[in-house]
Amino acid sequence: EIAWNERLSDRDAVPRPLERMASNNAIRYTLRDGRQTFLSFNPQLMRYVRVALRGEGDAALHRLTLTEYRFIAPTKGDFTCSDEGLNLVFKAARRTAMLNTVDTFMDCPSRERGAWLHDSYYTAHAVYAMFGDLSVNRRMVRQVAESRTD
């Protein structure tokens, strides 16, 4: 089993599915003989990962890699002030905007992985201020217009 979460459990400091989040952040993978690889179909949001062997015998984990999907654009806007806490908030906001912007503006890449028109209004302003880029905003407006039904 592979389990992940954004925070560790209060009980034993390991990532636990359904703890602190409404979604079940775990998958079960059945091993075959020999070395194998696995790539999850859906991107997930994680900070901590736990791999647990639930069957008989032994298994060796040779490599565990994570791919970060994010908005790739050079930063244009910046913010600094004398309050280091506020500077850290800005850095966290910029990283959040990068992770929630891939092909569209998402509320949360792990739970919803879809475009939300109302959220996009605010995210588009933030992404433009931080990165000077309108490409995702244009794509999202086109997608919404094309999804209209009569």
### Query
For atom OH of Tyr29, is the number of surrounding heavy atoms from other residues, nucleotides or ligands below 6.0 Å larger than 12?
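Atom OH in Tyr29 is packed in, count exceeds 12.
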### Task
Assess whether atom OH of Tyr128 is packed by more than 12 heavy atoms of other residues, nucleotides or ligands within 6.0 Å.
no
### Message
Checking Leu31 against Leu53 for the side-chain contact (heavy atoms from CB on, under 4.5 Å) test, could you report, in this order, the C-alpha distance in whole Å, the side-chain angles of both residues, the deciding distance, and whether it holds?
### Response
CA-CA 10 Å; Leu31 296 171; Leu53 180 62; 4.1 Å; yes
Distance from [X] atom [atom1] to [Y] atom [atom2], nearest 0.5 Å?
| X | Y | atom1 | atom2 | answer |
| --- | --- | --- | --- | --- |
| Leu39 | Thr37 | CG | OG1 | 8.0 Å |
| Arg28 | Arg54 | CZ | CZ | 7.5 Å |
| Ser120 | Arg139 | OG | CZ | 12.5 Å |

### Task
Could you state whether Leu134 and Val102 fall into the same hydrophobic cluster, counting links through intermediate Ile, Leu, Val, Met, Phe, Trp or Tyr residues with side-chain heavy atoms under 4.5 angstrom apart?
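Different hydrophobic clusters.
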### Message
For residues Val141 and Tyr122: do they belong to one hydrophobic cluster (side chain heavy atoms under 4.5 Å, members Ile, Leu, Val, Met, Phe, Trp, Tyr)?
### Response
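Per the 4.5 Å side-chain linkage, Val141 and Tyr122 are not co-clustered.
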### Task
Walk me through it: do Glu1 and Val51 pass the test side-chain contact (heavy atoms from CB on, under 4.5 Å)?
CA-CA 6 Å; Glu1 290 179 347; Val51 178; over 6 Å; no
In residues 57-66, what donor-acceptor pairs under 3.5 Å come from side-chain atoms, sequence neighbours left out?
from  : atom 1 : to    : atom 2 : distance (Å)
His62 : ND1    : Arg35 : NH2    : 3.3

Of the non-hydrogen atoms in [X] and [Y], which two are nearest, and what is the gap between them?
| X | Y | result |
| --- | --- | --- |
| Asp133 | Val136 | OD1-N, 3.9 Å |
| Gln36 | Arg32 | NE2-O, 2.8 Å |
| Gly85 | Asp83 | N-OD1, 2.9 Å |

### CA sep, side-chain torsions, deciding dist, call: Val127, Asn137, side-chain contact (heavy atoms from CB on, under 4.5 Å)
CA-CA 9 Å; Val127 166; Asn137 191 39; over 6 Å; no
State, with a plain yes or no, whether a side-chain heavy atom of [X] is found less than 4.5 Å away from one of [Y].
| X | Y | result |
| --- | --- | --- |
| Thr104 | Gln143 | yes |
| Ile2 | Trp4 | yes |
| Phe105 | Met140 | yes |

### Query
Applying side chain to side chain donor-acceptor pair (under 3.5 Å), which residue pairs with at least one partner in residues 85-96 are found, sequence neighbours left out?
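Every pair satisfying side chain to side chain donor-acceptor pair (under 3.5 Å) with a residue in residues 85-96: Glu68-Arg95, Asp78-Arg94, Glu84-Asn87.
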#### Entry: Phe131/Phe71 under side-chain contact (heavy atoms from CB on, under 4.5 Å): CA gap, chis, key distance, verdict
CA-CA 10 Å; Phe131 304 102; Phe71 182 62; 3.9 Å; yes
